[in-house]
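Encoded as structure tokens, here's the structure I'll be asking about.
These values consider heavy atoms only, across backbone and side chains, with no hydrogens, waters or symmetry-generated copies.
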Amino acid sequence: MLWNWYTIDACFLSSSWHIATNGAFAATCIGVVLMVILLEALRRIGKEYDEHIQRDFAARVALIANGGLGPPSSSPAQCPGASSSSSAEAVAPQTVTFRASPLQQFVRALIHTATFGLAYIVMLLAMYYNGYVIISILIGALLGKFLCDWMTKTVVIGADGTAAVKNGGLVGGGIDEPTVCCG
């Protein structure tokens with residue numbers, strides 16, 4: 001396992017992935033780039049799916065909180081059970097906990113498993129210490145991030161002219177980890 005720049009007679013992951021020609025090595029490098037792009041796409045799909053089921057849950061809670069009358073109201077006085085007086089009476093906050101259904105959790109686990117498995121294959125390819133393969137992995141990461149993880153944030157502008165950044169991600173809204181493991 002030494003750093004190398006071999007193109008012919010290289011072998012990756014199994015004896016059937018034996019490089020005999022320059023064309024086969026070029027196809028390997030292109031395949032590695034596409035594999036890493038797919039890895040980034042799977043990461044994005046996982047995030048999007050989590051956000052989708054959370055938005056769906058939030059919409060159902062809002063519908064129930066409004067008695068099935070539509071989108072949530074901005075005034076607590078219009079919520080069912082809230083006082084209509086303008087006094088300083090505080091309405092006790094309610095907490096609703098989200099738990100994914102078994103089917104949703106299974107889909108989440110499938111996406112995670114595919115992402116995790118592909119990430120390990122990419123890691124094993126990097127462990128061959130072939131400079132061209134490592135460069136292909138880095139190009140794939142660059143293209144994957146560029147194509148699959150375009151940053152967007154929503155800014156909510158209030159009636160009083162103040163602005164607040166709405167977390168466009170999962171609960172917690174922190175910075176996503178750059179790796180799929182350990183998180």
Study note, to complete from the structure: Shortest non-hydrogen pair, Val133 vs Val32, comes out as O-CG1, 4.1 Å
Practice item. Please round to the nearest 0.5 Å and tell me the distance separating atom CD1 of Ile64 and atom CZ of Arg60. Key: 7.5 Å
Exercise for review: Could you give me the CA-CA distance, side-chain angles and deciding distance for Ile19 and Thr7, then say whether side chain to side chain contact (heavy atoms under 4.5 Å, CB included) is met?
Suggested key: CA-CA 7 Å; Ile19 308 301; Thr7 57; 6.0 Å; no
Revision key, fill the gap. For Ile37 and Cys148, the nearest pair of non-hydrogen atoms, with its separation, is O-SG, 4.1 Å
Review point. Counting heavy atoms not belonging to Met123, are there more than 12 under 6.0 Å from its CE?
Key: yes
Exercise for review: Could you tell me which non-hydrogen atom of Lys145 sits nearest to which non-hydrogen atom of Glu40, and how far apart they are?
Suggested key: N-CG, 3.9 Å
Practice item. To the nearest 0.5 angstrom, please state how far the CZ atom of Phe106 sits from the CD1 atom of Ile111. Key: 11.0 Å
Practice item. Might you point out which heavy atoms bring Ser15 and Cys11 nearest each other, and give the distance in Å? Key: CA-SG, 3.9 Å
Review point. Any side-chain heavy atom of Phe25 within less than 4.5 Å of one from Cys29?
Key: yes
Review point. From Leu39 CG over to Thr115 OG1, what is the distance, rounded to the nearest 0.5 angstrom?
Key: 6.5 Å
Practice item. Drop me the distance from Ile134's CD1 to Met127's CE, to the nearest 0.5 angstrom. Key: 10.5 Å
Check your understanding: Residues in side chain to side chain donor-acceptor pair (under 3.5 Å) with His18, at least two apart?
Key -> Asp9
Review point. Is there side-chain contact between Asp149 and Arg43, with heavy atoms separated by less than 4.5 Å?
Key: no
Exercise for review: Find out if a path of hydrophobic residues (ILVMFWY) with successive side-chain heavy-atom gaps under 4.5 Å connects Leu110 to Ile53.
Suggested key: no
Review point. Between the side chain of Tyr128 and the main-chain N/O of Leu13, is any donor-acceptor distance below 3.5 Å?
Key: yes
Revision key, fill the gap. The ring-ring contact (aromatic ring centres under 6.0 Å, His included) partner of Phe12 among Tyr6, Tyr129, Trp17 is Trp17
Revision key, fill the gap. Between the CG atom in Leu118 and the CG atom in Leu42, the distance rounded to the nearest 0.5 Å is 6.5 Å
Check your understanding: Does Glu48 come within less than 4.0 Å of Arg44, counting only side-chain N to carboxylate O?
Key -> yes
Check your understanding: Taking atom CH2 of Trp5 as the centre, does the number of heavy atoms from other residues, nucleotides or ligands within less than 6.0 Å exceed 12?
Key -> yes
Point to revise | Heavy-atom closest contact (Val122 atom, Ile137 atom, distance) | key: O-CD1, 3.8 Å
Study note, to complete from the structure: Residue pairs passing the ring pair (Phe, Tyr, Trp, His ring centres under 6.0 Å) test with at least one member in residues 35-57, sequence neighbours excluded, are Phe57-Phe98
Point to revise | Contact list for residues 96-109, test salt bridge (charged side-chain N to carboxylate O under 4.0 Å, His left out), sequence neighbours left out | key: Asp50-Arg108
